[in-house]
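Every chain is numbered from 1 and lettered A, B, ... according to where its sequence line falls, protein lines coming before strand lines. No hydrogens, no waters, no symmetry mates; every other heavy atom, side chains included, goes into these values.
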Protein chains: 2
Amino acid sequence: MLTEERHQLIRDQLAADGKVLAGELAGRFGVSEDTVRRDLRELAKAGQLRRVYGGAVTSAPFAAATLSQRSRHAVEEKTRLASAAVALLSAGQSLFIDGGTTNEAIARAIPRDMELTVATNALGVASALADLPLVELIVLGGRYVPDLGTCVGADTLAAVAQLGADLFFLGSCGLDVARGVTAFDPAEAEVKRAMAKNSAGIVIAVTNDKLITAAPYRVTGADAIRHLVVEKTAPVATLADFQSRGAQIHFA
Amino acid sequence: MLTEERHQLIRDQLAADGKVLAGELAGRFGVSEDTVRRDLRELAKAGQLRRVYGGAVTSAPFAAATLSQRSRHAVEEKTRLASAAVALLSAGQSLFIDGGTTNEAIARAIPRDMELTVATNALGVASALADLPLVELIVLGGRYVPDLGTCVGADTLAAVAQLGADLFFLGSCGLDVARGVTAFDPAEAEVKRAMAKNSAGIVIAVTNDKLITAAPYRVTGADAIRHLVVEKTAPVATLADFQSRGAQIHFA
DNA sequence: CTCTTTCTTGCATGAACAGGCAAAACATGC
DNA sequence: GCATGTTTTGCCTGTTCATGCAAGAAAGAG
């Protein structure tokens, strides 16, 4: 097998899964892990992926978290959520997508042949959409917050104010029937509020753990949620509460 | 068997499989591997395939390989240029960095322990800087142009206008002593002009091929260049011209 | 903290490589 | 027919490249 061939296969799997494991690749290619590590090092030097302990992930910044302990287990779950969320899209729609690993998974799940206009303040989402030929991508700039992976601040708000969208994919939040949608950072909450205000509908895709989390900063009430994409194992009682406030429930 | 016959068969297999192996071809054609290598060398020189260790692959593995293909070109050279360019930085400076694969390499070469403020309209640069803990990153949003990997347009210009920088790393341009710095896209040129206007100094890192290229859209004159980072093999005469207009020359 | 896994670096080995050389095949001119 | 020059090809030689192994460093896990 040619070195170049391995590199191509690594790029392919990275595009498909968002991550690769050194040991798994070594087994599949029939070479030593050292060779795979060398491959990964070279590709990383060329900027085509981001090296992490145990393998590599797409060069997008937040993708690193997909290999971290917490998200490692949830990665299949988030991929399933993403597929279900993408099913809500129609060609020609315009979207706001903000930050969070689930939203990044959604961005990666958007098919290449779908025409969309997407505005995002999340670097990871932007990177995932950058090479989709039919997506008109608008980057919402501003001060970048490493912990969130998104841009916030006055510039971001101003850019959001100029736009409108059919759907807003609201990510990385806490959800609670009483308090509604909440965020962990005040500046982040401001941006989410602006996006929510300028969107016809809100879509939230969450893993079970988010369904009971309340964060400090309020974004919007539970009745603003148009679509809620959840795991099959989500607690039925909670879902019924959201449903009674107007949200459609979609199971991944 | 005629030489031309072999060439055609190689082209055929390449079109079918995307790759060929020197040893395998030699066995199939009943000739020595040296002969096959000569064939491959000639075809590579004619641009009909890309030579790799052990055989060859199609010269353009990706259909829409605008950015990814460019970034694989001259990787080591760009890494060297990047190291030399980063040596110009001091802690605490503020920078504009625009698009281009060389600028991406520069962004990746910035050490983790350097405190900087960086404003960029290039997604790749932003991704590279996103996880540097001491870099205050400002993303300059706008309409994303896939071919350039950068954001342009009125929003981008407005964001640039609010900022000032010590240095501007100007990338992916044409350079010519008479015409100065030129860009390949009018909107891109606008953004570069705005960044140049709001910067104390301009840094340009280029591979040799850019040193003689003139693009259609004018950005700024050659005398605005403060630092020029070039390969060791750059043509001395051209460098002297830039030097006489005030540019410091740095060899990678 | 200790232990385990993963990573980097240096090194040895064999495969693949480019360039030079000579023999064979072929064409051309006398 | 014979001599000459060109092209193609295979072989040889030193060099470069890819790979696996080993040892030490580094990163996570417990």
Side-chain angles (χ1 to χ4, degrees), chain A residues 1-11 13-14 17 19-57 59 61 63-75, chain B residues 1-11 13-14 17 19-59 72-77 79-80 83 108-109 111-113 131-133:
Chain A
M1 167 171 304
L2 300 174
T3 305
E4 184 61 32
E5 224 175 333
R6 286 198 310 273
H7 286 193
Q8 186 57 48
L9 290 171
I10 291 172
R11 279 189 287 261
Q13 184 177 342
L14 210 51
D17 304 347
K19 69 159 187 183
V20 292
L21 304 176
E24 189 262 339
L25 289 176
R28 193 146 57 86
F29 294 158
V31 297
S32 73
E33 294 199 16
D34 300 72
T35 300
V36 171
R37 275 192 276 271
R38 253 184 287 253
D39 289 339
L40 295 179
R41 226 180 301 163
E42 285 167 28
L43 289 169
K45 193 172 181 184
Q48 307 196 358
L49 51 77
R50 196 185 126 81
R51 196 77 171 79
V52 296
Y53 201 81
V57 296
S59 44
T66 55
L67 209 70
S68 76
Q69 168 73 14
R70 193 179 67 90
S71 314
R72 194 173 221 152
H73 304 105
V75 73
Chain B
M1 170 172 302
L2 300 175
T3 306
E4 186 53 39
E5 213 175 342
R6 286 198 311 274
H7 285 196
Q8 189 54 49
L9 289 171
I10 291 172
R11 276 189 288 261
Q13 183 176 344
L14 210 52
D17 303 347
K19 66 151 189 178
V20 292
L21 304 176
E24 189 262 340
L25 289 175
R28 192 145 59 85
F29 295 158
V31 297
S32 74
E33 294 199 16
D34 301 71
T35 301
V36 171
R37 274 193 277 271
R38 255 184 286 252
D39 290 339
L40 295 180
R41 226 180 300 168
E42 286 166 27
L43 288 169
K45 196 170 181 182
Q48 309 199 359
L49 51 76
R50 191 158 59 90
R51 194 78 169 80
V52 297
Y53 199 82
V57 296
T58 49
S59 50
R72 271 205 295 286
H73 178 246
V75 172
E76 319 78 26
E77 209 33 78
T79 308
R80 269 199 294 277
S83 303
R108 278 197 297 276
R112 288 188 74 84
D113 59 353
D131 58 346
L132 294 187

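Between the side chain of A:Arg6 and the main chain of A:Ile10, no donor-acceptor pair closer than 3.5 Å is present. Between the B:Arg51 side chain and the B:Gly55 main chain, a donor and an acceptor come within less than 3.5 Å of each other.
Among the heavy atoms of the strands lying under 4.0 Å from B:Val52 are primed sugar atoms or P, OP1, OP2 only; no base atom is included.
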Task: Stepwise side chain to side chain contact (heavy atoms under 4.5 Å, CB included) test for A:Leu25 and A:Leu21 - done: CA-CA 6 Å; A:Leu25 289 176; A:Leu21 304 176; over 6 Å; no
Extract from the structure each pairing of a protein N or O with an N or O of nucleotides 13-15 of chain C at less than 3.5 Å, listing the distance.
unit_1 : atom_1 : unit_2  : atom_2 : d
C:dA15 : N3     : B:Tyr53 : OH     : 3.0

Using atom names, set out every protein N or O paired with an N or O of nucleotides 21-25 of chain D below 3.5 Å, distance rounded to 0.1 Å.
unit_1 : atom_1 : unit_2  : atom_2 : d
D:dC21 : N4     : A:Asp34 : OD2    : 3.4
D:dA22 : N6     : A:Asp34 : OD2    : 3.4

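Between C:dC17 and B:Arg51, a contact under 4.0 Å exists linking OP1 or OP2 to a side-chain N or O. Applying the 4.0 Å criterion to OP1 and OP2 of C:dT6, one finds that A:Arg41 has every side-chain N and O outside that range.
Note that CZ of B:Phe29 is 4.5 Å distant from CG of B:Leu9, once rounded to the nearest 0.5 Å. Separation of atoms OG1 (B:Thr3) and CZ (B:Arg38) is listed at 10.0 Å; rounding is to 0.5 Å. Atom-to-atom distance recorded for A:Glu4:CD and A:Asp39:CG is 10.0 Å, nearest 0.5 angstrom. Rounded to the nearest 0.5 angstrom, B:Leu14 CG and B:Arg50 CZ are separated by 10.5 Å.
Under the 4.5 Å side-chain criterion, counting only non-hydrogen atoms from C-beta, B:Thr58 is not in contact with B:Lys19. Between B:Arg108 and A:Lys45 the shortest side-chain heavy-atom distance does not fall below 4.5 Å. Two residues are said to be in side-chain contact when any heavy atoms from C-beta on lie closer than 4.5 Å; B:Leu49 and B:Leu40 meet this criterion. With a 4.5 Å cut-off on side-chain heavy atoms, A:Gln8 and A:Glu5 do not count as touching.
Mapping A:Leu2 and B:Asp39 onto DNA chain D by nearest heavy atom places B:Asp39 closer to the 5' end of the strand.
Taking atom CG of residue A:Leu25 and atom P of nucleotide D:dG20, one finds them 14 Å apart after rounding to whole Å. Nucleotide D:dT7 holds its C1' atom 11 Å from the CD atom of B:Glu42, rounded to whole Å. For the pair A:Leu43 CG and D:dA18 C1', the interatomic distance rounds to 15 Å; values are reported in whole Å. Whole-Å rounding puts the B:Glu4 CD to D:dT7 C1' distance at 15 Å. Counting to the nearest Å, the C1' atom of D:dC11 and the CZ atom of B:Arg37 are 12 Å from each other. If you take CD of B:Glu33 and P of D:dC11, they are 11 Å apart, rounded to a whole angstrom. Rounding to whole angstrom units, NZ of residue B:Lys45 and C1' of C:dG19 are separated by 14 Å. When the P atom of C:dC17 is taken as reference, atom CG of B:Leu21 falls 10 Å away, rounded to whole Å.
Direction of the helix axis in the helix from C:dC1-D:dG30 to C:dC30-D:dG1 shifts by 30° between the two five-pair termini, rounded to 10°.
Ion pair B:Glu33/B:Arg37 flagged as a salt bridge, since at least one NZ, NE, NH1 or NH2 atom sits closer than 4.0 Å to an Asp/Glu carboxylate oxygen.
Minimum atom distance to the side chain of B:Ala22 is reached by C:dC17, of the listed D:dT19, C:dC17, C:dC7.
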